[in-house]
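These notes are about the structure you will find just below.
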Amino acid sequence: MTKFGQTDILLKVGDITKEEIDAIVNAANSGLMGGGGVDGAIHRAGGAEILEACQEIRQTQGTCPTGHAVITTAGKLPTKHVIHTVGPVWRGGKQNEDALLRSCYQISVQLATEAGDTSIAFPSISTGIYGFPIERAAPIALHAVYDAVVNGSSITEVRFVLFSDRDYEIYTHTLEQLLSDNQLP
Ligand code: APR
């Protein structure tokens, strides 16, 4: 098991809605009203409670900007919270996509920490419908989580739940490369 500081890092293939963990992260859109991909899976599995919580957030604070996140109940899911983050749509790499993707991971860890969660699971944000190249997204995701937890975080476990063997291989290879190149100080 890889550790970033005192935090265990686990990569796995699976359906994030099945994870028994404190918080799962949803790759949402700014409207927060659900969608396809993992967003659709989470709303389907979690039930109407999640959408109701999102609607309340929409009414009180409006849409969620790209790179930001909101936290809600997990409804029927085996977790305490769902953190809905809005990843960047890939537009060729010159529209601040890397920084916005990084922000999704960092703000999600921050919201989970503030909620008292000690474990969090991420999908591969933005690499599906939003078209962000996964080979480029994986090191951003791993670096962002490393920076967020390495200096004494209350998050003791982070899981990256990939939806295909290919995605799992890319994240695994990326992590091995970052560790062997000492790019994660
Ligand atoms: N568990 C884990 N990962 C999943 C699951 C699942 N059940 N379903 C899909 N994924 C993976 C996809 O294979 C991809 O690797 O999640 C990653 C993110 O893909 P998307 O869900 O398409 O999210 P994203 O690329 O960030 O696009 C977000 O899609 O669903 C809409 O409302 C959403 O508009 C938003 C956009």
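Both counts, for ligands and for their atoms, begin at 1 and track the order of listing. Because the structure is predicted, anything quoted here is derived from the model rather than measured. Position 1 is the first residue of the sequence; numbering continues from there.
Each of the atoms 15 (O) of ligand 1 lies under 4.0 Å from some heavy atom of D167. Set against the non-hydrogen atoms of G36, the atoms of ligand 1 under 4.0 Å away are 30 (O), 31 (C). Proximity to A27 (heavy-atom distance under 4.0 Å) selects the following atoms of ligand 1: 23 (O), 26 (O), 28 (C), 33 (C). Residue-ligand proximity, A41 to ligand 1, at heavy-atom distances under 4.0 Å covers atoms 7 (N). Of all the atoms in ligand 1, the ones that sit under 4.0 Å from a non-hydrogen atom of A28 are 35 (C).
Salt bridge absent: E97 and R136 never bring a charged side-chain N and a carboxylate O closer than 4.0 Å. Under 4.0 Å is where a charged nitrogen must lie from a carboxylate oxygen, and between E135 and R166 at least one such pair does. E157 and R159 are joined by a salt bridge, as a carboxylate oxygen and a charged side-chain nitrogen come within less than 4.0 angstrom of each other.
The N/O atoms of S126, backbone and side chain alike, include one that comes under 3.5 Å of an N/O atom in ligand 1. In terms of N/O distances under 3.5 Å, ligand 1 is not approached by L162. The shortest N/O to N/O separation between P123 and ligand 1 does not fall below 3.5 Å. Some N or O of I16 is nearer than 3.5 Å to an N or O of ligand 1, by distance alone.
The protein atom (non-hydrogen) at minimum distance from atom 17 (C) of ligand 1 is S124 O, 3.2 Å. Annotation: atom 35 (C) of ligand 1 to nearest protein heavy atom, Y130 OH, 3.5 Å. F163 CB, 4.3 Å is the protein heavy atom nearest to atom 12 (C) of ligand 1. Taking atom 7 (N) of ligand 1 as the reference point, the nearest protein heavy-atom neighbour is D15 OD1, 2.9 Å. Protein heavy atom closest to atom 21 (O) of ligand 1, with residue, atom name and distance, is V38 N, 2.8 Å.
Q55 CD: more than 12 foreign heavy atoms inside a 6.0 Å radius. Surrounding CD of Q95 are more than 12 heavy atoms belonging to other residues, nucleotides or ligands, all under 6.0 Å away. Within 6.0 Å of atom CD in E114, more than 12 heavy atoms from other residues, nucleotides or ligands are found, so the atom counts as buried in its surroundings.
In this structure, L11 is a member of the same hydrophobic cluster as I155, with clusters built from ILVMFWY side-chain heavy atoms closer than 4.5 Å.
F132 meets the ring-ring contact (aromatic ring centres under 6.0 Å, His included) test with W90; sequence neighbours excluded.
Interatomic distance, N26 CG to D39 CG, rounded to the nearest 0.5 Å: 4.0 Å.
Relative to atom 25 (O) of ligand 1, the option among G128, G14, G131 with the closest non-hydrogen atom is G128. Here the shortest heavy-atom distance to atom 32 (O) of ligand 1, taken over I129, D39, T127, belongs to D39.
The backbone N or O of I134 sits nowhere less than 3.5 Å from a side-chain atom of T127 that would complete a donor-acceptor pair.
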